[in-house]
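Each remark here refers to the structure printed beneath this line.
Residue numbers begin at 1 in each chain, while the letters A, B, ... track the order of the sequences. Because the structure is a prediction, the values reported are computed rather than measured.
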Amino acid sequence: MMTELLAGLNPQQQEAVTTGDGPVLVLAGPGSGKTRVLTHRVAYLIREVGVYPGSVMAVTFTNKAANEMRSRVESLLESRLTGVQLGTFHAICARLLRRESQHTPYTADFLIYDRDDQLAVIKQAMAEAEVNSSKMRPGRVLGAISAAKNELITPEKFSAPTYFGEVVKRVYPRYQEILVANNALDFDDLLMQMVFLLQNNDEVRERYQRYYEYLLVDEFQDTNMAQYQLVLLLSKPQNNVFAVGDEDQGIYAFRGADYRNVMHFRRDFPDAKVILLEQNYRSTQVVLDVARAVISKNTQRTPKALFTERGGGVRVTLYEAYDEREEGTFIVERIEDLRREHGYDYKDFAVMYRTNAQSRAIEDACVAMNLPYRLVGGVGFYKRREIKDLLAYLRLINNANDTVSFTRIVNVPKRGIGKKSIADFRKWVAKNNFTQELALSVIAEGGEFPLSGKAARSMTEFTKNIFAWRKQADDGDLTLLLDDIVARTGFNLYLHDISDSENQTIERSENVRELRGLLKEYEGETLGEFLAEIALVADVDEIDDNDDKVTLLTLHSAKGLEFPVVFISGVEDGLLPHIRSFDDSEGMAEERRLMYVGVTRAMDELYLSYTFRRAMYNATGGPNEPSRFLEDIPAHLTKDIPPMLAQKQNQRAFADEISWETDWDAPRLGQRMRDDAHAATPKPEPKPTLFKSNQRVYHGIFGEGIVIESKRVDDDDEEVVVSFAEGGIKRLMASFAKLTILDG
DNA sequence: GGGCCGTCGCTTTTT
DNA sequence: GCGACGGCCC
């Protein structure tokens, strides 16, 4: 029923769902129901327009979003959804490249290398190109190559007029050769090779252009050039492309995404119908107003009139903590309070942060107070050492040409094949022009090779095992295969050797058991299929919404999600906005968008917290400045304004006055811009105060603390704001409180 | 060849 | 505070 598909949709959403053929651009604010629009449109196309499901391609930002979309469309259609090409750009490209592998330099069972694998290849390539990897950081070189690939620049076309660029130019071709020889693609290759396949092979391009009649792309603001080219290529000739995005939520510029692709779309499809979704169904008015206050300072954007019918709402809480430990405790305690008082479940809460490192303090607080939580990202399951080792076994068994996996495990667990032996083996392979697979089979079958003694015996046994395991993999029982690998390599003993404690050994064994369980889930599929599927799993994909746990995640991972109560921690200058963006206005704009994304995840309540000092590595940092973004939030939207933020606002007002007066005389824009950028010029005092910022002081009851500020109230008294390590932040009159200056 | 120990650099953010 | 890496000694 048509009415059923449109029930509960507002007029703009209905229009988006039912618009006929041709390009459509949906500019969708946060919480405006874009997921609903996408799912309803897919269902509408299939059921009302009669489109064949196989001719629909729908691109989502995460696998999780793809799964959700699938199940929602299925419940709308009341039937299984088969045939629709649904997934992330990366997953879809991997699927198509496997299908068309005969037209690519790879075979259908190619591997997908993650960042660690890539770094291993980069190091090998740098060594072979005779680049000193201690001088030239492999990570930087990899970054440059990745950026080039996102711009569809091949090794031959690569050029950069700097010394660093010259180095990259030498490494890039070698890097790419190794990948091809290993039958492996990196994440960027998935997109780039797909674009090249479509560009260079008329038959394939025309076949897919004909086949995929309807293209839907979510999170369009986070597409990069390669992805945009894919959209342009695949949408022809019908131009039935339905792009949904929000320039204000573009947060992936660092991996080549360009939010201006939203505008490019209007340029490249001038007849595109543009639909605005401005009604927010998620957040309270207060939350939306805070979001607007933050984002409206960005200049390069289309202003939107976001509105909600959820008028009012609880004011936002700003919280100033002494350090990250106190911040963690505050958050955890508040979660327990809200749960008790308002009946929230744990899964209704999210704690967000700018950098993964911040999660540790929050986790510690959760553990200390026995609060169930789930950590998204960080050191994920697939990044654990023991899991990477075992996966390397599985990968090498699946593809004996995988040099990265071979190097990782040829001597893991230790079997007496050291650096020298590996180097000799490599030389031998190169001299004879062998593939790695051929070389390994020569050794397994007892042929001549240059090692001797224990190394030779171990190598022979290792290669024999690899081929025996391959047979076992072909027989289909992957859990049995894993058991055999663990048994024959003495893996459990190895787990003990690499662990610092008995607990760690147990933890690692549990991880191995978890991997075994995972393999069981893939019963009936081949080893290749298993490896292909786990390669593109993102951390967010793992979130199980039924688990009643608090979610800890980065602001980046939070995109597309929503929670009744959101805590954003570490809202400090240097963290959010991150210090690496200070000197770059594009970067600063992106930090604002990041904050905007975080704020707009909140449905009911929002907490923004910052610390006075935050431990970095092992040293205690600080004093920190509250984020400049906090200054943009009007006071009527917040509960109390904590002392450091209040002080900063006063300073800003004072500095603005000064520079306004200066403008009166002679314009000093430079000065003014510096003030705006740092906003923390020290406030001149009419009479010097006894206590000064950053002094260490001692109080009889509260103990040791740090002076945040001191204000003279009259000639012989001053008001001192002190942050005590134990007692929190206190406002004291110098004449009453017996404060001793410890130093400073 | 393996193990131990000191140094260094590190953190944005991720498919 | 931690992991990667290089140097040194057995």
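- For the ring pair (Phe, Tyr, Trp, His ring centres under 6.0 Å) test with Tyr252(A), the passing option among Phe220(A), Phe61(A), Phe89(A) is Phe61(A); the others fail.
- Residue Ser581(A) is out of contact with every strand shown, counting any heavy-atom pair closer than 4.0 Å.
- dT15(B) atom C1' lies 13 Å from atom CG of Asp189(A), rounded to whole Å.
- In the set dT14(B), dT15(B), dA4(C), dT14(B) carries the atom at the smallest distance from any side-chain atom of Thr554(A).
- Both Gly418(A) and Leu594(A) lie near DNA chain B, and the one whose nearest nucleotide falls closer to the 5' end is Gly418(A).
- Dashed line: the shortest gap from a side-chain N or O of Thr62(A) to OP1 or OP2 of dT15(B) is not under 4.0 Å.
- In this structure, the CE atom of Met595(A) is 16 Å from the C1' atom of dT13(B), given to the nearest Å.
- OP1 or OP2 of dC10(B) has at least one side-chain nitrogen or oxygen of Arg137(A) nearer than 4.0 Å.
- Summarising the geometry, atom OG1 belonging to Thr104(A) is positioned 13.0 Å from atom CZ belonging to Phe196(A); distances are rounded to the nearest 0.5 Å.
- Regarding contacts with the backbone of dT15(B), every side-chain N or O of Asn224(A) stays at 4.0 angstrom or more from both OP1 and OP2.
- In this structure, Tyr353(A) places its OH atom 17 Å from P of dT11(B), rounding to the nearest Å.
- Comparing atom distances between the Lys123(A) side chain and each of dT14(B), dC5(C), dG1(B) picks out dC5(C) as nearest.
- Leu119(A) has its CG atom 14 Å from the C1' atom of dC5(C), to the nearest Å.
- His90(A) places its NE2 atom 14 Å from the P atom of dT14(B), with the value rounded to the nearest Å.
- Using a 4.0 Å heavy-atom criterion, one finds that Asp188(A) contacts no nucleic acid atom at all.
- Taking the six-membered ring for Trp and the full ring otherwise, the centers of Tyr172(A) and Tyr175(A) sit at least 6.0 Å from each other.
- For dG1(B), one of the phosphate oxygens OP1 or OP2 lies less than 4.0 angstrom from a side-chain nitrogen or oxygen of Ser421(A).
- Salt-bridge annotation for Arg613(A) and Glu572(A): absent, with no side-chain N of the basic residue lying under 4.0 Å from a carboxylate O of the acidic one.
- Here dT14(B) presents its C1' atom at 16 Å from NZ of Lys149(A), a figure rounded to the nearest Å.
- Between Asn356(A) and the phosphate of dT13(B), there is a side-chain N or O to OP1/OP2 separation shorter than 4.0 Å.
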Legend entry - Stepwise side chain to side chain contact (heavy atoms under 4.5 Å, CB included) check, Lys149(A) with Asp189(A): CA-CA 7 Å; Lys149(A) 286 186 173 185; Asp189(A) 274 331; 3.0 Å; yes
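- In this structure, CD1 of Ile498(A) is placed 15 Å from C1' of dG3(B), rounded to the nearest angstrom.
- Of the candidates dT11(B), dT14(B), dC2(C), the closest approach to any side-chain atom of Arg255(A) belongs to dT14(B).
- Side-chain proximity of Lys414(A) to dG3(B), dG1(B), dT11(B): nearest is dG3(B).
- In this pair, Tyr252(A) does not lay its aromatic ring on the base of dT13(B); centres under 5.5 Å and planes under 30 degrees do not both hold.
- Computed from coordinates, the Gln118(A) CD to dT15(B) P distance equals 13 Å when rounded to whole Å.
- With the nearest nucleotide of DNA chain B identified for both Thr88(A) and Ile417(A), Ile417(A) has the one nearer the 5' end.
- Regarding contacts with the backbone of dG2(B), a side-chain N or O of Asn411(A) is found under 4.0 angstrom from either OP1 or OP2.
- Across all strands, Lys454(A) comes closer than 4.0 Å to no nucleic acid atom at all (heavy-atom distances).
- A salt bridge links Arg593(A) with Glu590(A); the closest basic N to acidic carboxylate O contact falls under 4.0 Å.
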